[in-house]
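Down below is the structure, laid out as structure tokens.
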Amino acid sequence: MNKEAKQIDYTKKGFTKPKEHFIYRIKFTKGEEVKFIGHLDVMRLFQRAIKRAKLPVAFSQGFNPHQLLSFASPLTLGATSQGEYGDFEMAEKIEPKIIMTKLNETLPKGIQVLDSVLITKKTQSAMAAIEGAKYMVYADKQLTESLLKENLEKYIGQKEILIMKKTKNSEKLTDIKQDIFAIENKSRQGETKIYLYLAAGSKRNLKPEPVIESLYAFLGLAFYKYAIKYHRIELLRKTQEGDMVGLSEGIGVHDLSEIEKEI
Amino acid sequence: MQNRIPDEILLQVEKPARYTGNEINMVRKDPKNVDIRFGFCFPDVYEIGMSHLGLQILYYFLNRREDTYCERVFAPWIDLEEKMRENNIPLFSIETQQDVKQFDFLGFTLQYEMSYTNVLNMLDLAGIPLFAKDRTEKDPIVVCGGSCAYNPEPLAEFVDFFYLGEGEVLYDEILDLYKQNKNERGTKADFLEKLLKFDSIYVPKYYDVAYKENGEIASFTPNHPHAKRMLQKAVVKDMDSVYYPQKQLVPLIDVVHDRVTLELFRGCIRGCRFCQAGFVYRPVREKRAETLLEQAKKLVAASGHEEISLISLSTSDFTCFPQLANGLLEEFTKQEVSISLPSLRIDAFSLDLMEKIQEVRKSSLTFAPEAGSQRLRDVINKNLTEEDILKGCELAFLGGWTRVKLYFMIGLPTETEEDLKAIAELCERIVEKYYELPKEKRPKPVQVTASSSCFVPKPFTPFQWDAQNTFDEFLQKAKTVKKHITKKQLKYNYHDAKLSSLEGVIARGDRKIAAVLYRAWQLGCKFDGWSDLFDYDKWMQAFEDTGINTAFYANRERSYDEILPWDHISVGVSKQFLMQERQKALQEQVTPNCREQCSYCGAKCFGGGVCYE
Ligand code: SF4
């Protein structure tokens with residue numbers, strides 16, 4: 001039941017398989033109310049929501065069939081998000097909007113489907129497609145708006161930004177500068193907020209926490225891990241033209257009638 | 001809803017979602033719009049409490065009343081408790097995340113004796129005086145129910161009243177009475193007095209206990225003209241018409257049992273003499289297969305669960321079992337909902353069924369012979385012969401199972417070394433059975449695991465008068481079994497005798513045990529059912545500090561004329577019947593089950609169930 005749905009490589013799978021499945025990419029939120037549940041919990045929660053909503057989900061073959069769902073990059077416990085993604089395989093072609101409305105009727109507070117797209121173009125799975133992620137970070141009281149304003153330029157202007165990257169059995173000094181696509185001061189009304197745009201995915205992956213930790217170190221502030229809040233704004237993929245767009249953009253249709261237009 | 005615990009703390013404790021609620025089908029009400037706030041307290045962690053069927057039923061039962069808001073309260077795990085105490089955060093409810101001290105009722109469910117220190121600890125965390133006599137009008141009324149409430153005495157000093165029996169019967173009347181009393185500006189004391197009209201409500205303060213010099217009870221007498229001499233448990237007569245929720249709380253995190261639960265029947269026809277549940281839940285009352293199918297459909301639709309579990313004390317005894325099983329198969333196989341069958345006897349029918357409806361993992365099959373020899377199985381009235389077991393194993397082996405688990409008890413009354421040796425012999429015979437099969441039917445080596453737990457004599461069983469073995473005797477017996485287990489295909493595990501010894505004291509305890517519980521709690525005992533937290537030495541110190549002798553409660557045989565601490569309570573089954581059963585046990589005579597032949601145990605007085613079939 002709790003097994004992680006295996007990753008699907010859509011370029012291989014495509015729509016030509018004898019048993020036709022329809023893959024929908026779902027974008028959803030993970031709000032305050034559910035920020036302490038883990039990645040597997042989110043998956044189970046969707047499996048049950050799909051059952052309650054009676055959606056025509058596709059099941060894996062074999063002894064112990066499970067719903068064919070896969071999810072993009074897990075979010076750290078305690079973080080919120082408005083840019084979570086999952087790929088859901090359906091056994092029938094239904095209106096993408098129906099999936100969204102039916103799920104929203106039954107999902108727990110804090111989880112809301114924002115977008116639902118029937119994938120019609122060759123694309124990678126949500127997990128494999130990720131190349132970037134945007135975050136808003138809510139700093140603690142030590143980091144005042146003015147302190148940030150004065151020093152952000154200096155921080156990002158360093159020749160290299162070194163952090164200790166921990167792997168299973170070693171620690172390595174790593175330069176993360178090239179993985180920070182953008183860092184901006186978004187503070188307002190006394191609340192210190194930092195916008196981060198970072199490399200993400202299987203090739204290069206930078207989590208927001210080490211960035212903030214290194215910023216605090218740069219500013220000579222003590223870093224209290226649990227005092228800082230993270231909110232994911234978006235997960236992005238790279239188009240063939242090289243543009244960065246949200247994971248559900250440009251891969252399919254919002255409306256079944258668009259399919260005919262495409263042909 | 002703002003979490004009661006700040007994020008910074010939640011991020012530092014294990015499984016923070018234990019404390020944040022928001023589950024599917026959680027009841028949301030505005031506390032301002034209700035008259036009664038009821039905290040359903042489960043004295044253990046969230047994952048265990050959420051798996052408890054009684055909670056799921058009573059939660060919706062109480063919340064179906066517009067004037068009542070029932071919220072859940074669990075014992076915070078030690079990591080959070082430490083932070084709560086550090087930061088002066090009192091015990092709070094899941095739903096509104098508010099302090100429970102302001103509630104009207106705190107209702108604890110008592111499922112095992114080893115959760116009693118958690119009851120005390122939760123009261124303390126809530127900022128409520130532990131002893132009932134110290135509480136004021138401002139404090140909630142503390143009520144306890146559940147199977148351990150049938151011997152309420154160890155907790156009597158901490159509790160305002162005990163509810164004896166099944167919750168659906170009286171709670172409406174009790175809450176109406178409470179509301180009426182409140183409207184008439186009656187006090188809490190007035191309310192407790194008014195409760196005396198119920199046969200199934202025990203208000204300890206209206207009874208006095210006197211003791212003999214030797215520690216036995218000299219007298220147990222009501223001190224209020226309306227307090228009943230004899231109380232009787234409340235029983236649902238008709239299981240088809242009784243309230244059953246149409247939804248279930250669906251947790252957002254992993255819990256112990258996370259599935260649709262169908263309650264097939266209450267009670268058990270068998271009458272195994274060591275089993276408290278087998279007596280206190282009498283008589284057997286079944287639901288009809290149609291009722292259950294209807295409930296299953298609704299619950300699956302409302303929860304999205306992928307598993308249905310059929311719950312009862314002995315599923316194979318359900319008279320409409322084939323009809324139910326077929327109905328469930330028909331309805332749910334296409335929906336990819338699996339069905340699990342705990343408490344099933346292994347025979348040809350059930351194996352066939354398991355092949356059909358369970359995820360066939362062929363992991364291991366479980367038998368509970370409880371005793372190794374036929375003689376001792378007759379003593380305990382466990383109607384399972386060696387032939388049944390061997391036949392069941394053979395069928396299982398032919399069906400592809402190669403692992404068998406067997407559960408035994410050591411320390412049963414009349415047990416001898418021969419009986420212990422018989423445990424090993426029975427296991428060996430199962431291994432031999434496997435090797436009698438033709439070679440092509442034996443894909444893998446067979447593995448038989450025997451586990452033994454330590455027998456704890458419980459109130460309302462025929463062994464309620466018996467002496468429990470001492471800790472050393474248990475250890476010796478486990479060693480004896482181990483000595484005889486030699487084959488390499490056999491494995492033997494035995495349970496910690498310390499916990500069972502302590503359970504033996506509390507289970508048959510009287511009001512004097514309160515001092516020990518209180519002292520143990522002061523010394524830091526909590527979550528005693530968790531082997532990593534259970535601290536036997538602290539408990540022993542608590543006994544020493546309070547001058548309570550464990551042997552008096554656990555290792556002493558009582559005479560039939562001794563007043564037992566729970567003698568003022570009737571579960572229907574008469575004391576006379578229990579005595580008779582004990583005599584039969586000593587004579588190694590078995591008693592037929594309720595469907596073979598009624599033995600006139602006394603439970604017929606409830607006017608329903610198997611006694612009238
Ligand atoms: S009265 Fe007879 S049928 Fe009823 S529970 Fe007792 S033994 Fe069973």
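Chain letters run A, B, ... following the sequence lines, proteins first and then strands; every chain starts at 1. The structure displayed is predicted, hence computed values, not measured ones. Hydrogens, waters and symmetry mates are skipped; everything else that's a heavy atom, side chains included, is used.
- In summary, A:Lys51 and B:Glu336 do not engage in a salt bridge, as defined by a charged side-chain N under 4.0 Å from a carboxylate O.
- Interface check for chain A: of the options B:Arg18, B:Glu8, B:Glu23, the most heavy-atom pairs under 4.5 Å are formed by B:Glu8.
- Heavy atoms closer than 4.5 Å to chain B are found in the side chain of A:Leu45, but not in its backbone.
- Within 6.0 Å of NZ in A:Lys141 there are 12 or fewer heavy atoms belonging to other residues, nucleotides or ligands.
- With a 4.5 Å cut-off on non-hydrogen atoms, A:Lys229 touches chain B through its side chain but not through its backbone.
- For A:Lys193, the NZ atom sits in a packed shell: over 12 heavy atoms of surrounding residues, nucleotides or ligands are nearer than 6.0 Å.
- The 12-atom threshold is not exceeded at CD of B:Glu330, counting heavy atoms of other residues, nucleotides or ligands nearer than 6.0 Å.
- For chain A, the option among B:Leu10, B:Ile253, B:Ile9 with the highest count of heavy-atom pairs below 4.5 Å is B:Ile253.
- With salt bridges taken as basic N to acidic carboxylate O contacts below 4.0 Å, none links B:Lys15 and A:Asp41.
- Using a 4.5 Å cut-off between heavy atoms, B:Asn3 contacts chain A through its side chain alone, with no backbone atom that close.
- Both the backbone and the side chain of B:Leu252 come within less than 4.5 Å of a heavy atom of chain A.
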message: Please evaluate residues B:Asp7 and A:Lys35 with respect to the criterion side chain to side chain contact (heavy atoms under 4.5 Å, CB included), reporting the C-alpha separation (whole Å), side-chain torsions for both, the decisive distance (0.1 Å), and the verdict.
response: CA-CA 10 Å; B:Asp7 284 5; A:Lys35 68 180 180 186; 2.2 Å; yes
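- Judged by distance alone, the side chain of B:Asn22 and the main-chain N or O of A:Lys109 form a donor-acceptor pair under 3.5 Å.
- A 6.0 Å sphere centred on OH of A:Tyr224 holds no more than 12 heavy atoms belonging to other residues, nucleotides or ligands.
- The neighbour count for B:Glu66 CD, taken as heavy atoms of other residues, nucleotides or ligands under 6.0 Å away, does not exceed 12.
- The closest donor-acceptor contact from the side chain of A:Arg52 to the backbone of B:Ala301 lies at 3.5 Å or more, if one exists at all.
- Chain A forms the most heavy-atom pairs under 4.5 Å with one residue out of B:Val300, B:Ile24, B:Val250, B:Asn25, and that residue is B:Ile24.
- A distance of 11.0 Å separates CD1 in A:Ile228 from CG in B:Leu11, rounded to the nearest 0.5 Å.
- Of the listed residues B:Pro251, B:Ser303, B:Ala17, the one with more heavy-atom pairs under 4.5 angstrom with chain A than any other is B:Ser303.
- Of all the listed residues (A:Gly78, A:Pro108, A:Ala49), the one sharing the greatest number of non-hydrogen pairs under 4.5 Å with chain B is A:Pro108.
- Of the inter-residue distances, the one linking B:His305 atom NE2 with A:Arg48 atom CZ reads 5.0 Å to the nearest 0.5 angstrom.
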